[in-house]
Participant: 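Sharing a structure here in structure tokens format.
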Amino acid sequence: MTIAPTELEVELSADSGPGGPTQPVGPPPAASRPRLLRALSRDVGAVLSATYIGLIVLMAVFAPLIVMVSGWTPYEFDQTAIDPNLGGVPIGPWGGISSTHWFGVEPGSGRDIFARIVYGVRVSMTIALAATALTTALGVTFGLLSGYFSGKVDHAISRVMDFLMAFPALIFMIAVLSALPAGNRGSLLVVVISVFGWPYLARIVRGQTMSLSRREFVEAARASGASGLGLVFREILPNLRSTIIVMVTLAVPGYIGTEAGLSFLGVGVVPPEPSWGQMIASSVSWYSVVPTYFAIPGLFLFLLVLSFTVLGDRLRTVIDSGEAR
Amino acid sequence: MPRYLVGRLAGMAGVLLLVCLFTYAVFFLLSPDPAVQVCGKSCTPERIDQIRMNLGLDRPFWTQFLSFLGGLVSGRTYGEGANAVECAAPCLGYSFQSSQSVTDMIWQRLPVSATVAVGAAVLWLLVGVVSGLIGAVKNGTWVDRVMTGLTLGGLSIPNYVLALVLQFVLVVQLQWLPFPQAVPFGEDPGRWFLNFVMPWIVLAVGYAAAYTRLTRANVIDTLQENFLRTARAKGLAPHLVWRRHALRPALTPVVTVFGMDFAGLLGGALITETVFGLNGVGKMAADSIAKNDQPVIMGVTLLAAFFVVIGNVVVDVVYTVIDPRVRVAA
């Protein structure tokens, strides 16, 4: 499992050459939005990915309505759908898939898998999006400050980043989450993921800020009296738009994976609230008897991560090649 | 160069000390009273107080932290009198739940984690670099496009999902592999190997995909460099252009990333080891989390940080050897 940064993000920073983060990188040309969208809409992979993400988001938003139509809530036990003589194996082929239970039922408890998938995505998406938002805020702010105010500020922020990146984040996250009370796991997850995740974005923002702050328009702004923070956020930040869009798109799948992984290891979302990672975790002891139980949430999770990854990858290609200009 | 190295080592020690301090502080704040765990079920408040005093848990944070550091360097003794337990250096703590020093527990399980890490690393380096080269050579053709698609898939599949799919397909359906079961190497090397095949694949897939992309991008970049045009223009045979000029600059970034990834894995592949029931450091960490055995969790965290920090320094030193540009700058 990839922790905070996805491999693609690492790649993005590795692109800056052997000098690593200290070497200033030219920012990719800023692309205007309508042209960017037009270029993406010609790409089959990007369109399919966006469609899948859109469907999943709709599913998360309208979960209560969908569950009303399908007829089962994620917390209801259906004892008639499982066979008590066989240790709770779902009745019928394919894990009990039928017109009443569209994706079958959980072995042992008989809860409706479809309903749990629909509700599970709410948790995963909320946590991933919140963690992305917080990481982006932290990463962009510290990256900008570190890149623009070189010297002491840069030194201090860079040391903190080095320290956080040297840390075995996964083990530490698990340890912290397991020690803390299970009360509000969701927001804890977001905070813990973000604390270890922001340096990966900050490092790239820092590199680009360093090269941008030597450009003429920044000089001009400085000469005409702009100073410090205002200049950083008004003049430099807008030029980082494309980089940030790409990084954010690539961060979401990483965090979806992290949340699912932590829930899989039993320190994420607390049962009975469903989450995809947790569903896969509980399917481990059933995988040879009821393969649909791991295959369905596994497929949904894989496709969601894949969609975000493909979309981010295509976005980057379009922006890098300047096709959208 | 020696001066550079000394500086790096000092920095490394600093980071390790900070990691120790941070980890220790967090566990100090979070962990439920260790004395209660030592005491067991039938326990009186007086007894707990006594244990707390014996173990030095009533002393201030800094004193405790210093004796922890002391234990790392020269070993320490927990408790007094008949119940005292010896913890030899480097003492990472003592697990009262399993009556063993954390160092011993890690030491027993490290070989399994190392086997998993080394096997997976060999696999992903081979697959990643070779397919990255193929992708670069066939840049823009259908081969390249298919491989790009595959790498995106490889990056996206969560490894526990892949583990379950492989187990279901290879073990249950096709029965190509036996059910994973720990067999010592000396007893049956064939069986031992088969046991590790799935963990290696599961762990290697994501990395192989990432390395394919990294290699491909770097080789394509390098091929556009002026020195390669010169090499070709002076009539050097294509295979010599590749071997002498293209591969070295293209593969140096791979070395960096590899050092970091491999070092990270030595601290235990938590999920893979847990899913396949391999008794390595990662599974020990997961088990200790379930049992709330704080000294072990802290020990594993420190070990993993240690490997990452060492890996960082090794990569930097190796870099000065393989990349002449860095050598000059240093």
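Treat the numbers as computed from the prediction; the structure is a model and nothing was measured. Naming convention: chains lettered A, B, ... in sequence-line order (proteins, then strands); numbering from 1 in each chain.
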Participant: Mind checking the CZ-CG spacing from A:Arg159 to B:Leu18? Nearest 0.5 Å is all I need.
Facilitator: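 One finds 11.0 Å between CZ of A:Arg159 and CG of B:Leu18.
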
Participant: With under 30° as parallel and over 60° as perpendicular, where do the rings of B:Tyr160 and A:Phe264 fit, or are they tilted in between?
Facilitator: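 Rings of B:Tyr160 and A:Phe264: parallel, as their planes differ by under 30°.
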
Participant: Which value, rounded to the nearest 0.5 Å, describes the distance between B:Ile271 atom CD1 and A:Leu262 atom CG?
Facilitator: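 Between atom CD1 of B:Ile271 and atom CG of A:Leu262 there are 7.5 Å.
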
Participant: Heavy-atom distances under 4.5 Å only: say whether B:Phe307 touches chain A with side chain, backbone, both or neither.
Facilitator: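 It is neither, since no heavy atom gets under 4.5 Å.
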
Participant: What option among B:Gly311, B:Ala285, B:Gly153, B:Ala163 has the most heavy-atom pairs under 4.5 Å with chain A?
Facilitator: B:Gly153

Participant: Please classify the contact between B:Val165 and chain A as side chain, backbone, both or neither, with a heavy-atom cut-off of under 4.5 Å.
Facilitator: both

Participant: Against chain B, label A:Leu301 side chain, backbone, both or neither, depending on which of its atoms sit under 4.5 Å from a heavy atom there.
Facilitator: side chain

Participant: Which bit of B:Val19 is near chain A, if near means a heavy-atom gap under 4.5 Å: side chain, backbone, both or neither?
Facilitator: both

Participant: Between chain A and each of B:Thr272, B:Leu303, B:Thr301, B:Leu164, count heavy-atom pairs under 4.5 Å; write down the option with the most.
Facilitator: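 With the most close heavy-atom pairs to chain A, the winner is B:Leu164.
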
Participant: Measure the OG1-CG distance between B:Thr148 and A:Asp313 for me, rounded to the nearest 0.5 Å.
Facilitator: 8.0 Å

